[in-house]
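It should be emphasised that the depicted structure is a prediction, and the values quoted were computed from it without experimental measurement. In listed order, ligands and their atoms are each counted from 1.
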Amino acid sequence: MWIRAYVFLIGAVCMWQIISKVESTVIGQLFQMFDSNVEYTSIYTCEEVDDITCTEPPYGIGLAGHKVWAPCGEGMVGNMTAVCNEDGKYEQKEDNCVLAPIQEMLDKSKTINDSSLPNFLEELRNVTVNNTRIVSVSPATISSIVTILNNVASKSPLLTLPLNKKSTTYILETAGVLTSSGSKGSWDALNKKDGKENQNNNSTIRSTSSALLNLFESVSDNLVNESFAIETSFIQLNKTMFENHFHHDFNFSVEIDIPEASGGSQYITTIVFASMDNVLPPRNEDNSSSMVIKGKVVLAKTAAKIRNISITSGILNDTLKNPKCVFWNFTLFEGLGGWSDWGCSLLSHNNETISCSCNHTTCFSMLMSPEIIEDENINDITIIGVGISMASLVICLITEALTWKKISTNTTAFLRHVSIINIAVSLLIANIWFIIGANITDDIKKKNPALCAAVTFFIHLFYLAMFFWMLASALLLLYRTVFVFEGGLSKTSMLVIGFVLGYAAPLVIAITTMAVTVPSHKYIRESSGCWLNWEDSKALLAFVAPALVIVAINFLILLVVIYKMLSRRAVSNASQAGEQHVLVVIARSLAVLTPFFGLTWSLGIGTIIAPQHKEIHFAFTLCNSLQGCFIWVFGTLLDKKVRSETIKSLTSADKSTAG
Ligand SMILES: *[C@@H]1O[C@H](CO)[C@@H](O)[C@H](O)[C@H]1NC(C)=O
Ligand SMILES: *[C@@H]1O[C@H](CO)[C@@H](O)[C@H](O)[C@H]1NC(C)=O
Ligand SMILES: *[C@@H]1O[C@H](CO)[C@@H](O)[C@H](O)[C@H]1NC(C)=O
Ligand SMILES: *[C@@H]1O[C@H](CO)[C@@H](O)[C@H](O)[C@H]1NC(C)=O
Ligand SMILES: *[C@@H]1O[C@H](CO)[C@@H](O)[C@H](O)[C@H]1NC(C)=O
Ligand SMILES: *[C@@H]1O[C@H](CO)[C@@H](O)[C@H](O)[C@H]1NC(C)=O
Ligand SMILES: *[C@@H]1O[C@H](CO)[C@@H](O)[C@H](O)[C@H]1NC(C)=O
Ligand SMILES: *[C@@H]1O[C@H](CO)[C@@H](O)[C@H](O)[C@H]1NC(C)=O
Ligand SMILES: *[C@@H]1O[C@H](CO)[C@@H](O)[C@H](O)[C@H]1NC(C)=O
Ligand SMILES: *[C@@H]1O[C@H](CO)[C@@H](O)[C@H](O)[C@H]1NC(C)=O
C-alpha cells in the first residue's frame with residue numbers, strides 16, 4: 001500500500017514537471033515574440049529547481065538571465081551593470097563609473113570662458129595626475145576626460161585667448177596620463193565598445209581614441225603665435241618658425257625631416273606621442289587588426305606647402321617584421337577611424353631604426369606585422385622545389401613522347417597516357433605562372449593589379465585542370481573496371497569527355513570566380529603574393545573546394561575499384577591481360593597521388609587557418625613543390641612497360657647516332 005502510493009506520487013510529480021516544462025517554454029517564447037526587450041523571469045521547471053545564482057562581488061546575488069546593478073566605488077559616480085549567466089558568472093559587464101570630480105568638470109566644461117579656462121585646465125591636470133591609478137583603469141572616466149578636453153578645444157577658437165604654453169602643458173599632461181601603459185585595458189574596452197555601438201551617427205568622430213587624437217589637431221590649430229616647446233613624460237610638442245627646411249630630433253628617439261617646403265616663413269607644430277599605441281587600435285583600411293602599432297605616433301601641422309615629410313624612429317621591438325608606414329584616417333569606417341598607407345612609404349628599415357616618408361601631414365605611425373611569414377628558408381625551398389617539380393614534369397613529358405607509339409597499344413593505355421600528359425602539362429604551366437607570380441613584388445602589384453589578377457587566373461585554372469584530369473583518370477579506371485571491361489564508349493567520345501572535364505570545367509570555375517569577385521575588387525589578396533583572396537571574399541574556396549572534392553571522389557573510386565579487382569577472377573585472354581595491367585598501373589598511381597595531393601592541399605588550408613605556424617608553411621611548401629616529382633615517379637617511372645620502352649628507345653637512339 002505504501003509502496004503504491006509512493007510510486008503514484010513520483011508518477012504525478014513527473015507528469016506535472018513535464019507539463020510545466022512544456023508550458024514554460026511556450027510561455028517563454030510568447031514573451032519573447034511580443035517584446036524581446038522585456039526580461040521575463042524564467043518559470044521554474046523541474047530542472048531549474050535549484051536556482052542558478054551569481055554571487056560575484058560587487059554585484060552580489062543575482063538570478064540567471066537578470067541584469068544586476070551595482071554601486072560605484074568610493075569617489076565615483078554612475079553605476080555598474082552585469083548580466084548573470086547560466087553558468088553562475090556575471091557577463092556583459094559595463095562600468096559607467098566616473099571619478100566624481102571629473103563628472104563635475106564635465107558639466108563645467110560646457111560653460112567655459114576666457115577667464116576660467118587656465119584655472120580649469122590646471123584643475124583638470126591636478127585631478128587627473130593625482131588619481132592616475134583610478135583614472136587609467138576606468139574607461140568611463142577616460143572617455144569623460146576626452147570629452148572635456150574636446151569641449152575645451154572646440155571652444156577655444158570662439159574665445160579671444162589662444163592656448164598659451166601653460167594651458168597647453170596642462171592639456172598634454174592630462175592627456176599623457178590617458179596614454180600611459182596602465183590604461184591599455186581601458187582603451188581596449190573603449191575601442192571594442194565604440195566599434196559595436198552605432199548611435200551618435202551625427203558626430204563625425206565616433207570613437208574615443210580617434211577623438212583623443214583629433215584633440216591634438218584642434219590644439220595645434222589654436223596655439224599662440226610664438227615658438228615654444230613642451231616636454232612631458234608622454235607627449236612632446238615643438239612649435240617653431242621654419243622656411244624651406246625643417247629638422248628636429250625629439251627626445252623619444254624620433255627625428256622629423258621636411259626637406260622642402262614652400263610658402264615662405266611659417267609656423268610648424270610637431271607633436272610626438274611616446275605611447276599612443278596603448279590608445280589607438282591597430283585596425284587598418286581592410287578592417288584587419290593583425291598588425292601591431294610599433295613606433296611613435298607623430299603629428300605635424302603647418303600652413304606651409306609640404307611635398308614630403310620623413311620620420312625616423314627607433315624600433316621598440318625587433319621581433320616584429322614587415323613594417324608599414326601609415327597615417328590615421330579619421331573618416332574610415334564611418335568615423336571610427338583606421339590606419340591607411342595612402343601616400344606613405346617605407347624609406348629604410350634596419351634592426352635599429354625605421355624611416356618613413358609621407359606626402360601629406362597628419363598623424364603618422366608605423367604598423368608592423370607580428371607574423372614572420374617571409375622566411376628565407378621557405379622561399380628557397382619553394383624555388384628549389386618548384387624547380388625540381390618542373391624538371392620532373394619535363395622528363396615525364398619527354399619519356400611519354402619517346403615511347404608514345406609503343407605504349408598506347410590499347411584504348412585504355414592510350415587514354416591513361418593522355419591523362420598523364422595533361423596532368424603534367426597543367427602542373428607545368430601552373431608552376432610557370434607560379435614563378436612569374438613569385439617575382440611580382442608589392443610595388444609592381446600596386447601599379448599593375450591587372451597583371452597580378454591574370455597570374456592568379458592562370459594559376460587557378462591550371463591547378464584546377466590538374467585536379468580535373470586526375471578525376472578523369474579515376475573515372476576512366478572506374479568505367480573500365482566496374483562498368484564495361486571492353487567495348488562501350490568509343491575512343492573519340494571518351495577523349496572528348498576527358499577534355500571537356502579536364503579543361504572546360506576548370507575554365508568555367510576560374511572565369512566564374514573572376515566574374516563574381518573582380519567587380520568588388522576582392523579577387524586577389526591584399527597581402528603579399530598573387531593568389532586568390534581569402535579574407536574578404538573567400539574566393540580561395542573556388543580552388544580548395546573542387547580540389548578536395550575531387551580528392552574525396554578519387555578515394556571512393558579507388559575503394560570501389562580495389563574491391564572489384566580483388567573479387568575478379570584472373571583473365572586468360574592476352575589482350576585483356578594487357579588491359580588489366582594498365583588498370584593496375586592507373587590504380588597504383590592514383591592510390592599514391594590522391595592521398596598525397598589531398599595532404600598537400602589540406603596543408604594549404606592549414607596555412608590559411610593558422611598562418612602563424614611556420615611548420616605548416618614549411619610542410620605545405622615542401623609537398624606543393626614535390627607534386628611534379630610524384631607525378632613523374634608514380635605516373636610513368638614505376639610503369640614497367642614505359643620503363644622498358646624508354647630504355648629501348650634510348651639505346652636505339654644511341655645506336656642510330658653512333659651508326
Ligand atoms: C594644482 O596642484 C598644485 C600643486 O601640485 C597647486 O599648487 C595648485 O594650486 C593646484 N591647482 C588647482 C587649480 O587646484
Ligand atoms: C594631490 O592631492 C594631494 C592631497 O590630496 C595634494 O596635497 C596635492 O597637492 C595634489 N597634487 C596635485 C598635483 O594636484
Ligand atoms: C597666427 O598668425 C596667423 C598669420 O600669421 C593667423 O592667420 C592666425 O590666425 C594666428 N593665430 C592665432 C591663434 O592668433
Ligand atoms: C623646436 O625645434 C626646432 C627645430 O629642431 C629647434 O630649432 C627649436 O629650438 C625647437 N624649439 C624649442 C623651444 O626647443
Ligand atoms: C630626454 O629624456 C631623458 C629621460 O628619458 C631625460 O633624462 C633627458 O633630460 C631628456 N632630454 C631632454 C633634452 O629633455
Ligand atoms: C570590422 O570588423 C569588426 C569585427 O572585427 C566587425 O564587427 C565590423 O562590422 C567590421 N566593420 C566593417 C565596416 O566591415
Ligand atoms: C621624400 O624624401 C626622401 C628623402 O628625404 C626621398 O628619399 C623620397 O624619395 C621622397 N619622396 C617623394 C615622394 O618625394
Ligand atoms: C614584441 O612583440 C611581440 C608580439 O607582439 C610580443 O609578444 C613581445 O612581448 C614584444 N616584446 C617586447 C620586448 O615588447
Ligand atoms: C580616408 O577614408 C575615406 C573613407 O574611406 C576616403 O574617402 C578618404 O579618401 C581617405 N583619405 C585619405 C587621405 O586617404
Ligand atoms: C643588427 O643587429 C645585429 C645583432 O643582432 C648587429 O650585429 C648589427 O650591427 C645590427 N645592425 C645595425 C645596422 O644596427
Side-chain angles (χ1 to χ4, degrees), residues 101-102 104-105 108-109 112 115-132 148 152 164-174 177 204-207 210 213-214 217 220 223-232 235-259 261 265-272 283-288 298-302 304 306 309-312 324-345 358-364 446 521:
I102 297 291
E104 257 170 53
M105 299 188 87
K108 254 198 260 172
S109 71
I112 205 86
S115 55
S116 61
L117 181 66
N119 221 354
F120 178 84
L121 286 173
E122 186 181 2
E123 199 189 329
L124 181 65
R125 192 277 313 256
N126 278 4
V127 170
T128 311
V129 171
N130 228 352
N131 296 291
T132 299
I148 294 172
V152 171
N164 59 17
K165 180 173 174 182
K166 213 165 168 198
S167 298
T168 312
T169 310
Y170 294 142
I171 293 179
L172 297 194
E173 280 173 355
T174 307
V177 169
T204 46
I205 290 179
R206 285 200 301 127
S207 70
S210 221
L213 197 57
N214 189 53
E217 304 242 341
S220 41
L223 293 175
V224 283
N225 272 342
E226 59 187 54
S227 292
F228 63 94
I230 300 170
E231 280 186 10
T232 70
I235 305 168
Q236 294 189 353
L237 181 147
N238 171 309
K239 176 160 183 166
T240 191
M241 274 297 229
F242 87 117
E243 204 177 341
N244 294 333
H245 179 249
F246 174 82
H247 180 94
H248 187 60
D249 256 338
F250 280 94
N251 200 11
F252 297 146
S253 70
V254 171
E255 265 178 76
I256 296 183
D257 193 62
I258 297 174
S265 258
Q266 290 282 359
Y267 277 110
I268 179 165
T269 308
T270 46
I271 304 178
V272 176
R283 174 176 58 230
N284 70 6
E285 285 163 298
D286 309 326
N287 198 15
S288 141
V298 174
L299 187 149
K301 272 245 146 160
T302 179
I306 287 176
I309 174 166
S310 82
I311 301 148
T312 306
K324 241 180 154 180
C325 302
V326 288
F327 73 98
W328 185 259
N329 184 339
F330 287 93
T331 53
L332 277 177
F333 305 113
E334 282 115 31
L336 279 183
W339 296 105
S340 161
D341 63 357
W342 182 84
C344 291
S345 59
C358 292
N359 58 15
H360 49 85
T361 60
T362 23
C363 302
F364 305 103
K446 233 179 198 150
H521 302 287

field: F250 side chain near T270 side chain, heavy-atom distance below 4.5 Å
entry: yes
field: Subset of ligand 4 atoms that lie under 4.0 Å from at least one heavy atom of A229
entry: 12 (C), 13 (C), 14 (O)
query: Quick one: nearest non-hydrogen protein atom to atom 10 (C) of ligand 4, plus distance?
result: N238 ND2, 2.4 Å
field: T331 N/O to ligand 9 N/O under 3.5 Å
entry: yes
- prompt: Heavy atoms, side chains only, cut-off 4.5 Å: are F228 and L223 in contact?
  reply: yes
- request: Please check atom 14 (O) of ligand 4 for a protein heavy-atom neighbour under 4.0 Å.
  value: yes
- request: Under 4.0 Å from a heavy atom of H247: give me the atoms of ligand 4 that qualify, with their elements.
  value: 4 (C), 5 (O)
statement: Note: L121 and S167 closest approach over all heavy atoms is CD1-CB, 3.7 Å
- prompt: Below 4.5 Å, heavy atoms only, C-beta onward: do N126 and E173 meet side chain to side chain?
  reply: no
task: Could you point out which residue of T302, T168, L237 forms a side chain to side chain contact (heavy atoms under 4.5 Å, CB included) with T269?
output: L237
- request: Please say whether K239 places an N or O atom under 3.5 Å from an N or O atom belonging to ligand 4.
  value: no
query: Less than 3.5 Å between some nitrogen or oxygen of S340 and one of ligand 9, yes or no?
result: no
field: Minimum side-chain heavy-atom gap I309-F246 below 4.5 Å
entry: no
- line: Under 4.0 Å from one or more heavy atoms of F228, ligand 4 contributes atoms 13 (C)
message: Suppose we measure from atom 11 (N) of ligand 9 to each protein heavy atom; which comes out shortest, and what is that distance?
response: N329 ND2, 2.9 Å
message: Only heavy atoms of L332, strictly under 4.0 Å: list the atoms of ligand 9 that pass.
response: 2 (O), 5 (O)
field: Distance flag for atom 5 (O) of ligand 9, protein heavy atom under 4.0 Å
entry: yes
task: State, without any angle test, whether S116 and N119 hold a side-chain donor-acceptor pair at a distance under 3.5 Å.
output: no
query: Below 4.5 Å, heavy atoms only, C-beta onward: do Q236 and H248 meet side chain to side chain?
result: no
Residue-ligand contact F333/ligand 9, heavy atom below 4.0 Å: no
- request: Taking all heavy atoms of F333 and all of E285, pick out the closest pair and write down the distance.
  value: CZ-O, 3.6 Å
field: The one among L121, N126, N119 that brings a heavy atom closest to atom 2 (O) of ligand 1
entry: N126
- request: Applying side chain to side chain contact (heavy atoms under 4.5 Å, CB included), run through L124 and Y170 and close with a yes or a no.
  value: CA-CA 8 Å; L124 181 65; Y170 294 142; over 6 Å; no
field: Check: T240 N/O within less than 3.5 Å of ligand 4 N/O
entry: no
Min N/O separation R125 to ligand 1 under 3.5 Å: no
- line: Under 4.0 Å from one or more heavy atoms of E122, ligand 1 contributes atoms 1 (C), 8 (C), 10 (C), 11 (N)
